[in-house]
*Asks:* 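Here it is, the structure, as structure tokens.
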Protein chains: 2
Amino acid sequence: MTQAEVGSDRPAPPRTRRDRDNIRELLLESAIIEFGEKGFEGASTRSIAERVDAHQPQINYHFATKAELWRAAVDHLFAQLSKALGDLEPGADVAETFANVVRRLVEFSAARPQLHQIMTHESGSPSERLTWLTDTHVRPRYLELRTIWTQLQDAGIAAPIDPSLIHYVLIGAASLPYLNIAEARLLLEADPASAAVIDRHVDGLIATLLPGRTDPIRK
Amino acid sequence: MTQAEVGSDRPAPPRTRRDRDNIRELLLESAIIEFGEKGFEGASTRSIAERVDAHQPQINYHFATKAELWRAAVDHLFAQLSKALGDLEPGADVAETFANVVRRLVEFSAARPQLHQIMTHESGSPSERLTWLTDTHVRPRYLELRTIWTQLQDAGIAAPIDPSLIHYVLIGAASLPYLNIAEARLLLEADPASAAVIDRHVDGLIATLLPGRTDPIRK
DNA sequence: GTCTATAATTAGATAGAC
DNA sequence: GTCTATCTAATTATAGAC
């Protein structure tokens, strides 16, 4: 019997109690990272709690179940996306609006790759989580982008991508280096999340997707 | 005590033995699907075995560990990719070579979404599996595509995408509807894996990425 | 609201009969 | 080579002291 196993009658280990008024936000942020890296099944509530120096049952206290924690994390991320994309001004030039969306989308994908990571973990096979995600957060954006793209094609500005596919073409091309950030760090010579790489990425995408655009910088 | 729990002294349930000479391939194919849908941690060897009506220990018999099963599945998938992409003929027209790669890549992504699904499950955070995957299978393709793209840009045929990013832009734009196949089925009106959607996707990508190309069909 | 202890389930791997 | 039985470890959720 080892020394550590002896003292079953010793007083309980005197761990100090950690009260924090922002523990819910800390757990949420930790969950976003773990769900992004490992997916719903792969992430463990123990690991999510320990990442912010909390105990596993605190998750059940603050979020009831792992599924509700996941849902709160996704809501939180999509709220951040909405804020990052900003409001689309109805009267503004459509090409400039689209170019702004591309820039903000790439910047958000680099800053918060977890959103696309979680989306992709869920979107490979049907599930209750995927249905909720699609109905609540994805379809409205899919339809809005399709409308804008049709306008741009009618105006002769946009590349010949089918409007029903532009959502996937744009998001795929804009997010993959950050979705696959650990791989990109192994492949690229520069830091994929650096401002220089992001700028080159954004400028290339805009020029490629809107070949008929009059660049406001050069006009 | 229920009827089912009574007979602990009954003869063992007479399950019929299932010998199959292709069981290794069956397990491999099943593993590809499960690893694609759920990732390495999320997939269970029990579920992989039961999908082809086998028992869980058969996996350890044929592949020793779950990690070696995963590795064999990835090798199998990349061998299929190599076969689908075909050999690049060094003397051929570079623009036609690239257009062929795009078409075959989209078709392969639609037929075998599991390759990109597995890649993305692994590429979000560092791991031994990711390092092996990148060194063995990804980097050679990344470098080859970068070279071809630089040639196309020098010839004035290619869109203004940075050569160090074309790998991600192309693969992201080409594979996302199939990587996220369950979501795409909820969003698109047509079947994302139908020949009609694939053709529109391919034609749009080639025309967008190679705006300076003389389309061999129309010339 | 935080913490320890633990229940209930499930995972990957192994032993040994056949 | 297939199969049952089982080991050990890890999982989420719960009970109850503080």
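In what follows, chains carry the letters A, B, and so on, assigned in the order in which the sequence lines appear, proteins first and then strands, with residues in each chain numbered from 1. What's counted below: heavy atoms across the whole structure, side chains too, no hydrogens, waters or symmetry copies.
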*Asks:* Using a 4.0 Å heavy-atom cut-off across all strands, classify B/I23 as base, sugar-phosphate, or nothing.
*Replies:*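 Counting heavy atoms under 4.0 Å across all strands, the contact made by B/I23 is with sugar-phosphate only.
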*Asks:* As a test of reading the structure: which of D/dC3, D/dA13, C/dG1 is closest to the side chain of A/Q56, going by heavy atoms?
*Replies:*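 The listed nucleotide nearest to A/Q56's side chain is D/dA13.
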*Asks:* Looking only at side-chain atoms of A/R17, point me to the closest of D/dC3, C/dG1, C/dC3.
*Replies:*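 Closest of the options to the side chain of A/R17: C/dG1.
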*Asks:* If you only use heavy atoms from C-beta on, which nucleotide in D/dT14, D/dA13, D/dC3 is closest to the side chain of A/T65?
*Replies:*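 Between D/dT14, D/dA13, D/dC3, the one nearest the side chain of A/T65 would be D/dA13.
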*Asks:* State which of D/dT14, C/dA13, D/dC3 makes the closest approach to the side chain of B/K66.
*Replies:*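 Looking only at side-chain atoms, B/K66 lies closest to C/dA13.
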*Asks:* Which class fits the ring pair A/H167 and A/Y142: parallel under 30°, tilted 30 to 60°, perpendicular over 60°?
*Replies:*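 Judged by the thresholds at 30° and 60°, the geometry between A/H167 and A/Y142 is perpendicular.
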*Asks:* Looking only at side-chain atoms of A/P57, point me to the closest of C/dA5, D/dT12, D/dT4.
*Replies:*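 Closest nucleotide among those given: C/dA5.
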*Asks:* Need one value for B/A49: base, sugar-phosphate or nothing, where a base atom within 4.0 Å counts as base even if backbone is also close, heavy atoms only.
*Replies:*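 Since no nucleic acid heavy atom lies under 4.0 Å of B/A49, the category is nothing.
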*Asks:* Which nucleotide in the set D/dA13, C/dG1, D/dA5 lies at the smallest distance from any side-chain heavy atom of A/N60?
*Replies:*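 When the side chain of A/N60 is considered, D/dA13 is the closest of D/dA13, C/dG1, D/dA5.
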*Asks:* Of the nucleotides D/dT2, C/dA13, D/dA13, which has the atom closest to the B/D19 side chain?
*Replies:*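 For B/D19, the side-chain atoms sit closest to D/dT2.
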*Asks:* In this structure, how many angstroms lie between the P atom of D/dT11 and the CD atom of A/E34, rounded?
*Replies:*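 The answer, rounded to whole Å, is 11 Å.
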*Asks:* Which label fits B/Y178 and B/H201: parallel for a plane angle under 30°, tilted from 30 to 60°, or perpendicular past 60°?
*Replies:*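 B/Y178 vs B/H201 ring planes: tilted.
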*Asks:* How do A/R46 and B/F40 order along DNA chain C: which one's closest nucleotide is nearer the 5' end?
*Replies:*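 It is A/R46 whose nearest nucleotide is closer to the 5' end.
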*Asks:* Would you tell me whether A/S82 and A/R141 have side-chain atoms, one donor and one acceptor, within less than 3.5 Å of each other?
*Replies:*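 Indeed, the side chains of A/S82 and A/R141 share at least one donor-acceptor pair under 3.5 Å.
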